[in-house]
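Inspection log for the structure reproduced underneath, given as structure tokens.
Chain letters run A, B, ... following the sequence lines, proteins first and then strands; every chain starts at 1. The figures that follow rest on heavy atoms only: side chains count, while hydrogens, waters and symmetry mates do not.
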Protein chains: 2
Amino acid sequence: MKTAGREAWTLLLDLWGTQRSRVSAIAGEVDLAPRQMHLLRLLDEPLPMSRLASALRCDPSNVTGIVDRLEERGLIERRTAPDDRRVKMLALTAEGARVRDRIRERWLEPPEAIASLSAKDQRALRDVLRRAGVSPAPGRKGSPRPS
Amino acid sequence: MKTAGREAWTLLLDLWGTQRSRVSAIAGEVDLAPRQMHLLRLLDEPLPMSRLASALRCDPSNVTGIVDRLEERGLIERRTAPDDRRVKMLALTAEGARVRDRIRERWLEPPEAIASLSAKDQRALRDVLRRAGVSPAPGRKGSPRPS
DNA sequence: TATTGTTATACTCTATAACTATA
DNA sequence: TATAGTTATAGAGTATAACAATA
């Protein structure tokens, strides 16, 4: 009964496992630590630091350090929000946007296991996952599950 | 053309993103740090430390510390291999096996997004992923892609 | 009073390089 | 010489709690 769901999940976890090396590899290519790479990857429009903390699913106090290092590298900058001077908006510099684009390009490239599927299987996979109603991380466009 | 594969991959990454909180949650339930939880999760038969390093995809020097903490907690023990006295086999204690079982039970429980799919969709997902030929992590049984 | 971000603290994870004890 | 594991080191991520500035 639930067997198919459980096996599907196990296979997803295995596929996920192979991605650990990918994260290090991509981070290494742009000479950033993994979390710094992820923060940059998630940034489009300027966002308050608190939003990044929830996108990265970590405590807000961590974001301070990650942002410090990205700012030292000249990839992002902190801008005090005009309407509420407590919040700081994180904005990409021109260089930061270039690095982010490079990260995304690599990040969104499907791994061999997915790329080698037949076109039909790829469509089937996409359709099932759409129906699974996964909500994208904050900072990304996309339509969450209909209510 | 490649659009379906790319969208499928994006959806998988989103689903993956939701698992970060799950890891912390499960680790918290058994009062272990995330990597300690993962090492325990991967252990069945006694394995040399080097095998765990590759299963965890990290440098062997890290395994020393992770194992130290698990050993202090009485969850695993180091046994010198009789045939090659350089290698240390990691073996679960009785308590370690109990904790590992609890971790696995939670770990293999499909998240809401998968569990709420129709039985038909779950089977379709499983079948496509089987065809994707993902190899499981070392230390697990399972048939890798047929050659 | 409540909230945003920072700091201080203590711990864990990380890779690199040098070391040991075996082989 | 080569390999399995350790130690030392330095840097990064992690949550908690206390704090400043602002609301």
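What separates CZ of Arg51(B) from C1' of dT3(D) is a distance of 16 Å, to the nearest Å. Atom CZ of Arg73(B) and atom C1' of dC11(C) are 14 Å apart (whole Å). The separation between Met37(B) atom CE and dC13(C) atom P is 11 Å, rounded to whole Å. Rounded to a whole Å, the CG atom of Leu70(B) is 15 Å from the C1' atom of dC11(C). Leu39(A) has its CG atom 15 Å from the P atom of dA12(D), to the nearest Å. Rounded to an integer number of Å, the gap from Leu32(A) CG to dG13(D) C1' is 14 Å. Whole-Å rounding puts the Arg78(B) CZ to dG5(D) P distance at 10 Å. Put simply, NE2 on His38(A) is 12 Å from C1' on dG13(D), counting in whole angstrom units.
In terms of heavy atoms, Ile66(A) sits closest to Arg35(A) at CD1-CB, 3.9 Å. Scanning all heavy atoms of the two residues, the minimum distance from Val128(B) to Ala124(A) falls at CG2-CB, 4.2 Å.
Salt-bridge formation is not detected for the pair Glu109(B)/Arg6(A): no Lys NZ or Arg NE/NH1/NH2 atom is positioned less than 4.0 Å from an Asp or Glu carboxylate oxygen. A salt bridge links Asp44(A) to Arg104(A): at least one charged side-chain nitrogen sits closer than 4.0 Å to a carboxylate oxygen. Checked for salt-bridge contact, Glu71(B) and Arg73(B) miss the test: no charged N lies under 4.0 Å from a carboxylate O. Contact check on Glu95(B) versus Arg98(B) returns a salt bridge, with a Lys/Arg side-chain nitrogen under 4.0 Å from an Asp/Glu carboxylate oxygen.
A residue-by-residue look at Gly65(B) and Pro48(A) shows that Pro48(A) has its nearest nucleotide of DNA chain C further toward the 5' end. In this structure, Gln36(A) and Ser50(B) both approach DNA chain D, and ranking their closest nucleotides by distance from the 5' end singles out Ser50(B).
Comparing atom distances between the Lys88(A) side chain and each of dG13(D), dT6(C), dT6(D) picks out dT6(C) as nearest. Residue Cys58(A) places its side chain closer to dA15(D) than to any other of dG5(C), dC13(C), dA15(D). Taking every side-chain heavy atom of Met49(B) into account, dG5(D) is the closest of dC13(C), dG5(C), dG5(D).
Looking at heavy-atom distances under 4.0 Å, Arg20(A) makes contact with sugar-phosphate atoms alone, never a base.
Note on Arg69(A): every side-chain N or O is 4.0 Å or more away from OP1 and OP2 of dG11(D).
Within the 4.5 Å cutoff, the side chain of Arg102(A) has heavy atoms near those of the Glu29(A) side chain.
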Pick out the pairs of N or O atoms, protein on one side and nucleotides 16-22 of chain C on the other, that lie under 3.5 Å.
unit_1	atom_1	unit_2	atom_2	d
dT16(C)	O4	Ser61(B)	OG	2.9

